[in-house]
Amino acid sequence: MNPKFQAPKGVSEYLPPRSNLFDYVSRTLTAPALAAGYELIELPIFEDTELFTRGVGESTDVVSKEMYTFEDRGGRSLTLRPEGTAGVMRAVIEHNLDRGQLPVKLYYRGPFFRAERPQAGRYRQFYQFGIEAIGVNDPYLDAEVIGIAYSGYRKLGLTNFSLHITSLGDAESRDRHRSDLIKFINSLNLDEETKARAAKNPLRLFDDKREEIRSKMQTAPLLLDYLNDESQDNFTAVQAALKSIGVPYEINPHMVRGLDYYTGTTFEFVHKGLGAQSGIGGGGRYDGLMETLGGQDLSGIGFGLGIDRVLLAMESEGCVPTNIRYVDLYVIPLGVPAQSSAFALVNELRHAGFVIEQSFGDRALKGAMKAADKSGARFAIVLGDAEIASGTVELKEMSTGKVSSVTLSTLASELAKRS
RNA sequence: GUGGGCGUAGCUCAGCUGGUAGAGCACCCGGUUGUGGUCCGGGAUGUCGCGGGUUCGAGCCCCGUCGCUCACCCCA
């Protein structure tokens, strides 16, 4: 009750049995990326602080107030990664991964860190799975990336979510819109704090939660209306590609992403059963990022999915699978001589490919059988003096309770036959 | 960073206008010399988050503090 040490504030921890689910969720989300030829990139948890200030953008909340930054013993400023894309781009540039065939297709997963006030679905250490496709600007690639995220969610059984997409267009379209939008915002009567937000990024006002601001923004100029022909054609093509693979979406011209590097297609998956933190994944295209970080001028597209939130979403939909943990056999030795035989038998059968747990300590058979039940094992084996003498084991099928005597030499094949 | 709610057994929680702690689940043992899921009987477990104050007496009231949680902000 009063532990001397507690986990740091706001971190997510996964303990059994929920940890099994967490692992299942991340593996399932990854599968569609593997199926599309994306390869794992395993990167450091901390990077040069400047990578994030330059990459993610000084004006973002992530950089300006949410980073875990520290100095190492050599006086270098390092930061626990708050997102994945900047690190991937750094590695691609540093190791010249973009010198071969394009696009470079990578996926990553692991912990990320933001020093925010924790709440439902928002943690200081959280887990993301993400992919990046770098070096090709093709609407079909945009749709592939979005489709990979979508099929991950669907494989997990999620249905109560929607995909919002929009286009931020190219630099030319954005500049024209931005100046009109700023003019519009300046004409509004806003409080100081809101003005400050608008100064950082005028688009932010579009997703303000206050009704008064929302209604004022009703008539604001929309970026989508400012797309030039090329950007518009591209966005139309992305939509057509999504339709062709059956990915439902809604165009949301008010969508705002928190990181500065996005251009062109951007998207967000929103789950309807979660609390205030309802985004279960999002991403988009980034045209200038790689050059900003000192690499070639290549475009890229990617997403990041919050594994913690996906699990919460599954729990809210009640589509959490049972029986993730699979055990073939639970072995119960009775008495000292049986313990050594059982220990060796377990080892042998595990090498033969069976998933086996064994009972340790000298608990009563009744208790051990109870543990066998809890383990979910399909079979239990009782091995005592009588069995050792006759070279057999008692094999119990847990679902029926039927017990039969099986000779040791045929045990493996008997188990294989029955499963 | 700002606000609301809450800290009692391993878990979920009850505890009246202050009289020094309880339930369910889980766990262990037994009913069945060596057989689980149902049933019955028995058992262990708490510095009532922490510190201080009021009181004859505090889980309950007051102050402080720490933690958790939800929301704002922002986002995965």
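Here is the naming used below: chain letters follow the sequence lines, and residue numbers restart at 1 for every chain. All heavy atoms count here, side chains included; hydrogens, waters and symmetry mates do not.
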For this session: In plain terms, say whether A:Arg124 and A:Glu66 are close enough for a salt bridge, that is, a side-chain N and a carboxylate O under 4.0 Å apart.
Result: no

For this session: State the pairing partner of B:U32; accept Watson-Crick or G-U wobble contacts with both distances under 3.5 Å, and report none otherwise.
Result: none

Exercise. Looking across every strand, which nucleic acid part, if any, lies under 4.0 Å from A:Glu66 by heavy atom: base, sugar-phosphate, or nothing?
Worked result: sugar-phosphate

Exercise. Can you tell me how far C1' in B:U17 sits from the matching atom in B:U12, rounded to whole Å?
Worked result: 28 Å

For this session: Grab the NZ-C1' distance between A:Lys65 and B:G1 for me, whole Å please.
Result: 7 Å

Exercise. Run the side-chain hydrogen bond (donor to acceptor under 3.5 Å, both in side chains) check on A:Arg285 and A:Thr266 step by step: do they pass?
Worked result: CA-CA 6 Å; A:Arg285 183 160 281 283; A:Thr266 55; over 6 Å; no

For this session: Can you tell me the distance, in whole Å, between the CZ atom of A:Phe206 and the C1' atom of B:C73?
Result: 19 Å

For this session: With C1' as the reference atom in both, quote the distance from B:A58 to B:G19 in angstrom, rounded to an integer.
Result: 10 Å

Exercise. Rounded to whole angstroms, how far apart are OH on A:Tyr123 and P on B:A71?
Worked result: 11 Å

For this session: Would you kindly compare A:Val382 and A:Leu274 by the position of their nearest RNA chain B nucleotide and give the one closer to the 5′ end?
Result: A:Val382

For this session: Go through B:G36, B:A71, B:C73 for me and flag the one nearest to the A:Met398 side chain.
Result: B:G36

For this session: Both distances under 3.5 Å, Watson-Crick or G-U wobble: report the partner of B:C68, or none.
Result: B:G5

Problem set entry | P-based separation of B:G43 from B:A23 [nearest Å] | 11 Å

Exercise. Start at the 5' end of RNA chain B and walk down; is the nucleotide closest to A:Arg122 or to A:Lys402 reached first?
Worked result: A:Lys402

Problem set entry | Atom C1', compared across B:U20 and B:U47: separation rounded to whole Å | 14 Å

Problem set entry | Gap between atoms NZ and C1', on A:Lys9 and B:C66 respectively (whole Å) | 9 Å

For this session: Would you indicate which nucleotide in B:C70, B:C74, B:C68 comes nearest to any side-chain atom of A:Ala120?
Result: B:C70

Exercise. Is the aromatic ring of A:Phe126 within stacking range of B:A76, meaning centres under 5.5 angstrom and planes under 30 degrees?
Worked result: yes

Problem set entry | Side-chain-base donor-acceptor pair under 3.5 Å for A:Asp373 and B:G36 | yes

Problem set entry | Assigned partner base of B:C56, Watson-Crick or wobble definition, under 3.5 Å | B:G19

Exercise. Taking atom P in both B:C16 and B:G52, what distance in whole Å separates the two?
Worked result: 25 Å

Exercise. Rounded to the nearest Å, what distance is computed from the CZ atom of residue A:Phe22 to the P atom of nucleotide B:A76?
Worked result: 17 Å

For this session: For A:Leu305, report the nucleic acid contact type (base, sugar-phosphate, nothing); a contact means any heavy atom under 4.0 Å.
Result: nothing

For this session: Ignoring hydrogens and angles, state whether a donor on the side chain of A:Gln277 or A:Tyr123 is under 3.5 Å from an acceptor on the partner side chain.
Result: no

Exercise. Considering Watson-Crick and G-U wobble pairs with both distances under 3.5 Å, what does B:G43 pair with?
Worked result: B:C27

For this session: Kindly say whether the aromatic ring centers of A:Phe112 and A:Tyr127 come within a distance under 6.0 Å.
Result: no

For this session: Answer yes if the ring centres of A:Tyr249 and A:Phe267 are under 6.0 angstrom apart, and no otherwise.
Result: no

Exercise. Can you find a donor-acceptor pair, distance only, under 3.5 Å between A:Arg309 side chain and B:C75 base?
Worked result: yes

Problem set entry | Distance between P atoms of B:C62 and B:G7 (Å, rounded) | 14 Å

Problem set entry | Electrostatic pair A:Asp170-A:Arg174, nearest N-O below 4.0 angstrom | no

For this session: Answer with yes or no after comparing the ring centroid distance for A:Phe379 and A:Tyr330 against a 6.0 Å cut-off, counting only values under it.
Result: no

For this session: State whether the distance check finds a donor on one side and an acceptor on the other, under 3.5 Å, for side chain A:Lys396 versus base B:G36.
Result: yes

Exercise. Which whole number of Å gives the distance between the P atom of B:G64 and that of B:C56?
Worked result: 24 Å

Exercise. A:Phe112 near the nucleic acid: base, sugar-phosphate alone, or nothing, with a heavy-atom cut-off under 4.0 Å?
Worked result: nothing

Exercise. Do the side chain of A:Gln119 and the base of B:C73 come within less than 3.5 angstrom through a donor-acceptor pair of N or O atoms?
Worked result: yes

For this session: Just call it for A:Ala380: base, sugar-phosphate, or nothing, with non-hydrogen atoms closer than 4.0 Å on any strand.
Result: nothing

Problem set entry | Closest to side chain of A:Arg117, choosing from B:C68, B:C72, B:G36 | B:C72

Exercise. A:Glu387 has a side chain; which of B:C68, B:G34, B:C28 sits nearest to it?
Worked result: B:G34

Exercise. Below 4.0 angstrom from OP1 or OP2 of B:A76, is there any side-chain N or O of A:Gln277?
Worked result: no

Problem set entry | Full working for ring-ring contact (aromatic ring centres under 6.0 Å, His included) between A:Tyr107 and A:Tyr38 | CA-CA 6 Å; A:Tyr107 77 88; A:Tyr38 289 72; 8.1 Å; no

Exercise. Counting any heavy atom closer than 4.0 Å, what does A:Gly367 reach on the DNA or RNA strands: base, sugar-phosphate only, or nothing?
Worked result: nothing

Exercise. Would you find a donor on one side and an acceptor on the other, under 3.5 Å apart, between the side chain of A:Asn252 and the backbone of A:Ile165?
Worked result: no

Exercise. To the nearest angstrom, how far is A:Ile131 atom CD1 from B:A76 atom P?
Worked result: 15 Å

Exercise. Can you tell me how far C1' of B:C39 sits from NZ of A:Lys370, to the nearest Å?
Worked result: 12 Å

For this session: Decide whether A:Thr407 and A:Thr392 meet the rule of one side-chain donor and one side-chain acceptor closer than 3.5 Å.
Result: no

Can you name the atoms? Protein N/O to nucleotides 30-33 of chain B N/O, anything below 3.5 Å, with the distance.
{"unit_1": "B:G31", "atom_1": "O6", "unit_2": "A:Lys366", "atom_2": "NZ", "d": "3.0"}

Exercise. Between A:His177 and A:Tyr226, how do the two ring planes meet: parallel, tilted or perpendicular, split at 30° and 60°?
Worked result: perpendicular

For this session: Rounded off to whole Å, could you give me the CZ-to-P distance for the A:Arg81 and B:A76 pair?
Result: 15 Å

Exercise. Expressed in whole Å, how much space separates the P atoms belonging to B:A21 and B:A44?
Worked result: 16 Å

Exercise. Do any side-chain nitrogens or oxygens of A:Arg114 fall under 4.0 Å of OP1 or OP2 in B:C73?
Worked result: no

For this session: Using a heavy-atom cut-off of under 4.0 Å over every strand shown, decide if A:Gly130 touches base, sugar-phosphate, or nothing.
Result: nothing

For this session: For A:Ser12, answer base if it contacts any base atom (sugar-phosphate contacts may also be present), sugar-phosphate if it contacts only those atoms, and nothing otherwise; contact means non-hydrogen atoms under 4.0 Å.
Result: nothing

